[in-house]
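See below for the structure under consideration.
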Amino acid sequence: MGNSSSEEKTSKPKFFDGVKAEFKKITWPDRELLLKQSAAVVGISIVLGGVIAVLDMILQYAVDFLVK
């Protein structure tokens with residue numbers, strides 16, 4: 001039992017050292033790239049929302065036509 005607690009104490013700092021090393025590898029986007037990508041996401045979301053709304057209206061019309 002004594003070995004497991006000493007292994008836990010040594011494994012936690014190793015884990016956090018690994019996390020710290022991975023964070024140093026991250027390349028964060030600059031402001032211009034972030035704005036361009038955010039605008040692309042918003043634009044695509046709006047377009048897809050419109051397409052889904054149109055398809056929904058068409059399907060709703062079709063179902064109403066078949067039911068009546």
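Worth saying up front: this structure is predicted, and the values here are computed from it rather than measured.
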**OP:** Any salt bridge (charged side-chain N to carboxylate O under 4.0 Å, His left out) involving residues 36-59? Give me the pairs, sequence neighbours left out, ordered by first then second residue.
**Re:**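 Those involving residues 36-59 are Glu32-Lys36.
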
**OP:** Return each pair, listed once, that meets salt bridge (charged side-chain N to carboxylate O under 4.0 Å, His left out) where at least one residue sits in residues 57-68; pairs must be two or more places apart or across chains.
**Re:** none

**OP:** Can you sort out the partners of Leu34 under side chain to side chain contact (heavy atoms under 4.5 Å, CB included), two or more places apart, ordered by chain and number?
**Re:** Pro29, Ser38

Original post:
By side chain to side chain contact (heavy atoms under 4.5 Å, CB included), which residues pair with Tyr61, not counting sequence neighbours?
Top reply: none

Subject >> Sequence-distant partners of Lys25, salt bridge (Lys or Arg N to Asp or Glu O under 4.0 Å), two or more places apart >> reply: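 If we apply the salt bridge (Lys or Arg N to Asp or Glu O under 4.0 Å) test to Lys25, skipping adjacent residues, the hits are Glu22.
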
**OP:** Give a yes or no on whether Leu33 and Trp28 share a hydrophobic cluster (residues Ile, Leu, Val, Met, Phe, Trp, Tyr; joining criterion: side-chain heavy atoms under 4.5 Å apart).
**Re:** no

**OP:** Flag yes if Phe23 and Phe16 sit in one hydrophobic cluster, no otherwise; membership is Ile, Leu, Val, Met, Phe, Trp, Tyr, and two members link when side-chain heavy atoms are under 4.5 Å apart.
**Re:** yes

Could you list the cluster mates of [X]? Members are the ILVMFWY residues connected by side-chain heavy atoms closer than 4.5 Å, either directly or through other members.
X	result
Ile44	Leu48
Ile46	Val42
Val67	Val63

Original post:
Atom CG in Asp30, atom CG in Leu35: separation rounded to 0.5 Å?
Top reply: 9.0 Å

